[in-house]
Amino acid sequence: MNESASNYLNALNIQQKEAILHSEGPLLILAGAGSGKTKVLTTRVAQLIKDKKCFGNQILCVTFTNKAANEMRERVLKLTNNKSNSIPWLGTFHSISNKILRKHAEAVGLKPSFTILDTLDQLKLIKNILAAENIDIKKNPPKLIAYLIDHWKNKALLPANVKINSSDYSKINALKIYKIYQERLRLMNCVDFGDLILHCVTIFKNFKEIQESFKKNFKYILVDEYQDTNYVQNLWLNLITNDSKNICVVGDDDQSIYSWRGAEVKNILEFEKNFTNTKIVKLEQNYRSTKNIINTASSLISNNDDRLGKKIWSDLKDGDKVRVNSFSDGRDEATGISDIIEKELIKYFSLNDIAILVRAAFQTREFEERFIKIGLPYRVIGGMKFYERAEIKDALCYLRLIQQKNDDLAFERIINNPKRSIGDSTLKKLHDLSRTRNKNLFETADEILNEDELKPKTKESLKQFIKLVKTWTKLSEQLDHVQLLERVLDESGYTQMLINEKSPEAEARLENLKELRASMKNYSNLVEFLENISLQTSIDEEWEGEKINLMTIHAAKGLEFNCVFLPGWEEGLFPHQKSIEEKGDQAVQEERRLAYVALTRAKQRLFISFANNRKYYGNNNSNDWMPSMPSRFIDELDKQYLEINETAKDNDQDFEFSQDFNFMEEKKSPGWKRYLQEKEKIKTINYTNNLTNFKIGQGVEHETFGKGKVIHIDGNKLLINFKDSGEKKVIDKYLKQFDHE
DNA sequence: TAACAACGCTTTTTT
DNA sequence: AGCGTTGTTA
């Protein structure tokens, strides 16, 4: 062992060392939140290479997200001083499967240049099939069918293997669609996310020599976030694991939050039954959070059953108590949190150290509005995916069609975009003809230019389009992919269409297309670009700059922040109503694990909050407030680690968070009465707030911005011209009168 | 065919 | 409030 290797081993605790040095045979690492599991995994990989147990390309290392994979790659390379291509098989299940499938596409009847469809393409395809089969779209919602297909794939079930035991019509229809769907995918040379993995499994099962070559190559296997693997992923792993059984999985049953995607905690619970002589290592020391945070999180998760029973502990200081705040409504919550950030945190922490983690994506909106208003920079992580934007998809579909004429979905998307007077009726005709002639849409369109199927005007328009695509196809052999895109956007009239629009949105779209061009330069040719773009979540999430982080709890998995805000801890939102309706107590337990993940993201400061009223669906009528109750999870937190602030409820000293949950039925319950009282009070507050006492031209003073003058009034929001900090919008309650000379 | 109004549904979480 | 689907009109 060389010097630097022993150095980095010294920085580890006993269990961590144990996990790293136990290189042979099955190993299960139960790693609590913040227990240094990434460190263990990266060090383990580095150690295998340094000890010459194998080459970097003989290690299969599977992570859950691209972000995690990139981070691991960086850290391993740092430890081994190696080149970036030295661990080629480090990636997500999907990206590794993609790589395998490109090599062996023919084994499942595909060409290596297959396209990966995203969720929207999938849905569109299902809709098309439903239309062609004359199946009622209302009785058979495409989304439900997509969901069922996904579930079957997660269970490794091809159409022929699906068993439906009841006379469940929606499932019978869905299965029928599934069959056609798979045929269509093959004809278009496309796969969906689920196929990436399932096709690999099929190949491993049907082609022993291919399976053997991988089994032989992968001397060591490592799997991160094992608690979130589903049946087909686990099967995939088993098929690729060789007789030496050098498989090391890392997971935390308390952090299993993807059962809705087919994840089976069973995999981690039964790992030792599957592999005899499994070595189990528990990492229980938390290096991330203060004692108060860890103890709060532990008290919550202890309410779950069926745990493997880790006891995580922290050696760090107690730290501040976890704060629980109550607000009158969602907007108030956003205001309150931004106040805490400005008044308490900004002095000690970078904005990058601050995160707001929400249960559902729509919750970020109120915070965005607030931050825009007061001028605090923020970033939303994992929001709109770059390649999902309409203009990007349009551009990609042009390229997809150029590269692969049988991509009907691409054809359909761009045929009338920009408008070419080729509308629904023409498209319907094309679809029908293509089905009877057994040709793809492009071929069919090309063919009927010589026939009398279409009106002359439509025919001419279609002719122009076909001609353009053919020209681009020829050009694609001479030009590089970036130049090709430029030609396409130009000659198709797409750019001109956006320029003509003259709206800010159109300008943003043009900007996005520029960004697309820039990102294409990272790939050497069109095929390579198209092969990889679909698996890219977004074009390198910009982490640069000083910004507050906004994201869902799911997206925050694996991350940590000094200061964490957890808003919206209300019954119905968290735990979410839908999840409870679907799966009852099992779902509540998963929601609780999600809450546990949320709590354990925090290193130093943790703020939980709930609002007494929340508006859903962006309803602006003041009477459409949904009354909300504090989440049961707040009740489950051990109070000795909390500091509770009932800012919106100062009249009720012995207020308890646990209110009567079924208040709808029992309207005379104390909880209901209290709610009515609160509602009255909130109305009063809002009323007085809207009538501000300040007048335009008046001198005012603000705690942080100093002195200034009122220049505009909008309800209780005032635009102030501050002497030192310029124009800012503030709410009147933060202003004092200041009579200037 | 395209442009526009009306309507109803939505929001759980994602590779 | 925002989107997609449906209906109406030029």
Side-chain angles (χ1 to χ4, degrees), chain A residues 62-69 91-98 116-120 122-124 127 131 137-138 141-143 146-147 150 153-154 191-198 225 228-230 232-233 236 256-263 357-366 369 381-385 387-388 390 415-428 454-455 457-458 461 534-538 551-557 568 572-583 587 590-591 593-595 597-598 614-621 624 626:
Chain A
V62 193
T63 63
F64 208 64
T65 62
N66 288 312
K67 206 198 295 164
T92 63
F93 276 105
H94 291 88
S95 67
I96 292 170
S97 293
N98 182 27
I116 303 168
L117 300 186
D118 65 21
T119 321
L120 271 92
Q122 252 179 83
L123 218 53
K124 180 74 189 150
K127 282 179 190 168
I137 205 162
K138 290 252 161 63
K143 270 192 182 160
Y147 171 85
D150 221 47
K153 288 187 177 176
N154 286 337
V191 302
D192 63 18
F193 285 126
D195 279 343
L196 284 171
I197 293 162
L198 188 48
E225 308 278 14
D228 283 326
T229 53
N230 59 34
V232 73
Q233 289 166 335
W236 186 99
S256 163
I257 55 175
Y258 281 94
S259 78
W260 50 274
R261 209 169 73 181
L357 311 181
V358 295
R359 174 63 181 85
F362 77 90
Q363 289 173 264
T364 57
R365 243 193 26 211
E366 273 166 329
E369 280 168 15
I381 291 172
M384 184 62 166
K385 311 268 189 308
Y387 74 87
E388 280 174 3
I415 179 71
N416 203 28
N417 188 6
K419 298 268 183 293
R420 298 186 180 88
S421 292
I422 300 170
D424 289 346
S425 52
T426 313
L427 198 58
K428 173 99 173 41
L454 300 174
K455 276 183 265 177
K457 200 183 143 217
T458 318
S461 183
S534 328
L535 287 178
Q536 202 144 33
T537 340
S538 61
M551 68 193 95
T552 64
I553 302 170
H554 282 89
K557 190 175 174 188
L573 183 56
F574 197 21
H576 199 282
Q577 194 58 39
K578 281 251 165 87
S579 76
I580 299 173
E581 278 165 13
E582 270 167 32
K583 275 171 281 150
E590 176 147 324
E591 295 279 302
R593 290 193 293 268
L594 190 57
V597 169
R614 191 166 292 276
K615 57 180 174 180
Y616 288 88
Y617 311 130
N619 241 325
N620 221 12
N621 303 336
D624 272 331
M626 289 281 292

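Just so it is clear: chains get the letters A, B, ... in the order the sequence lines come, proteins before strands, and each one is counted from 1.
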**Q** Please tell me which of the listed nucleotides, B:dT11, B:dT15, B:dT13, lies nearest to the side chain of A:Thr552?
**A**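 Ranking B:dT11, B:dT15, B:dT13 by closest atom to the A:Thr552 side chain puts B:dT13 first.
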**Q** Figure out the NE2/P separation between A:His576 and B:dT13, and round it to whole Å.
**A**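 Rounded to whole Å, this separation is 8 Å.
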**Q** Here's a test of your reading of the structure: between A:Ser579 and A:Asp150, which maps to the more 5' nucleotide of DNA chain B?
**A** A:Ser579
**Q** Starting at CG of A:Asp192 and ending at P of B:dT14, how long is that distance when rounded to a whole Å?
**A** 18 Å
**Q** Heavy atoms, side chains only, cut-off 4.5 Å: are A:His94 and A:Ile116 in contact?
**A**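 A:His94 vs A:Ile116: side chains apart.
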**Q** Identify the pairs formed between an N or O of the protein and an N or O of nucleotides 4-6 of chain C at a distance under 3.5 Å, and give each distance.
**A**
from: C:dT5; atom 1: OP1; to: A:Lys127; atom 2: NZ; distance (Å): 2.8

**Q** In whole Å, I'd like the distance from the NZ atom of A:Lys578 to the P atom of B:dC9.
**A**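 So the NZ-P distance, A:Lys578 to B:dC9, works out to 13 Å.
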**Q** Rounded to whole Å, how long is the line connecting atom CD1 of A:Ile257 with atom P of B:dT15?
**A**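 To the nearest whole Å, that distance equals 11 Å.
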**Q** Looking across every strand, which nucleic acid part, if any, lies under 4.0 Å from A:Thr426 by heavy atom: base, sugar-phosphate, or nothing?
**A** sugar-phosphate
**Q** Which whole-number value in Å describes the distance from A:Phe574 CZ to B:dT13 P?
**A** 13 Å
**Q** Would you find a donor on one side and an acceptor on the other, under 3.5 Å apart, between the side chain of A:Glu590 and the backbone of A:Ser259?
**A** yes
**Q** Touch check for A:Lys143, heavy atoms < 4.0 angstrom, all strands: base, sugar-phosphate only, or nothing?
**A**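 Answer is sugar-phosphate: A:Lys143 comes under 4.0 Å of backbone atoms only.
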**Q** Of A:Leu427 and A:Glu590, whose nearest nucleotide on DNA chain B comes first from the 5' end?
**A**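 Closest to the 5' end, via its nearest nucleotide, is A:Leu427.
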**Q** Hey, does the side chain of A:Glu591 reach the backbone of A:Phe574 with a donor-acceptor pair shorter than 3.5 angstrom?
**A**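 Flag not set: sc A:Glu591 to bb A:Phe574 has no pair under 3.5 Å.
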**Q** Using a strict 4.0 Å threshold on nitrogen-to-oxygen distance, state whether A:Arg614 and A:Glu366 make a salt bridge.
**A**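 So A:Arg614 pairs with A:Glu366 through a salt bridge.
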**Q** Taking the side chain of A:His554 as its heavy atoms from C-beta onward, which of B:dT11, B:dT15, B:dT13 lies nearest to it?
**A** B:dT13
**Q** Quick one: which of B:dT13, B:dT11, B:dT15 gets closest to the side chain of A:Trp260?
**A**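 Nearest to the side chain of A:Trp260 among the choices is B:dT13.
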**Q** Does A:Tyr258 reach a base, just sugar-phosphate, or nothing at all? Heavy atoms under 4.0 Å.
**A** sugar-phosphate
**Q** Output one line per pair: protein atom, nucleotide atom from nucleotides 2-4 of chain B, and distance, for all N/O pairs under 3.5 Å.
**A**
from: B:dA2; atom 1: OP1; to: A:Ser421; atom 2: N; distance (Å): 3.2
from: B:dA2; atom 1: OP2; to: A:Asn416; atom 2: ND2; distance (Å): 3.2

**Q** Hey, does A:Ile197 have a side-chain heavy atom less than 4.5 Å from the side chain of A:Ser97?
**A** yes
**Q** Heavy atoms under 4.0 Å, any strand shown: does A:Phe93 hit a base, just sugar-phosphate, or nothing?
**A**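 Here A:Phe93 touches no strand at all.
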**Q** For A:Lys578, enumerate each residue passing the salt bridge (Lys or Arg N to Asp or Glu O under 4.0 Å) test, keeping only those at least two apart in sequence or located in another chain.
**A** none
**Q** In terms of side-chain heavy atoms of A:Phe193, which of B:dT13, B:dT15, B:dT14 is nearest?
**A**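 Nearest to the side chain of A:Phe193 among the choices is B:dT15.
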**Q** Measure from the side-chain N and O atoms of A:Asn66 to the backbone N and O of A:Leu535, and report whether any donor-acceptor pair falls under 3.5 Å.
**A**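 Flag set: sc A:Asn66 to bb A:Leu535 pair under 3.5 Å.
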**Q** Is a donor on one side and an acceptor on the other found under 3.5 Å between the side chain of A:Asp118 and the backbone of A:Ser534?
**A**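 Not at all, since once roles are kept as given, no pair shorter than 3.5 Å links the two residues.
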**Q** Any donor and acceptor pair, going by atom type alone, linking the side chain of A:Arg420 with main-chain N or O of A:Ser461 inside 3.5 Å?
**A**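 The answer is no, because no donor-acceptor pair under 3.5 Å joins these two groups.
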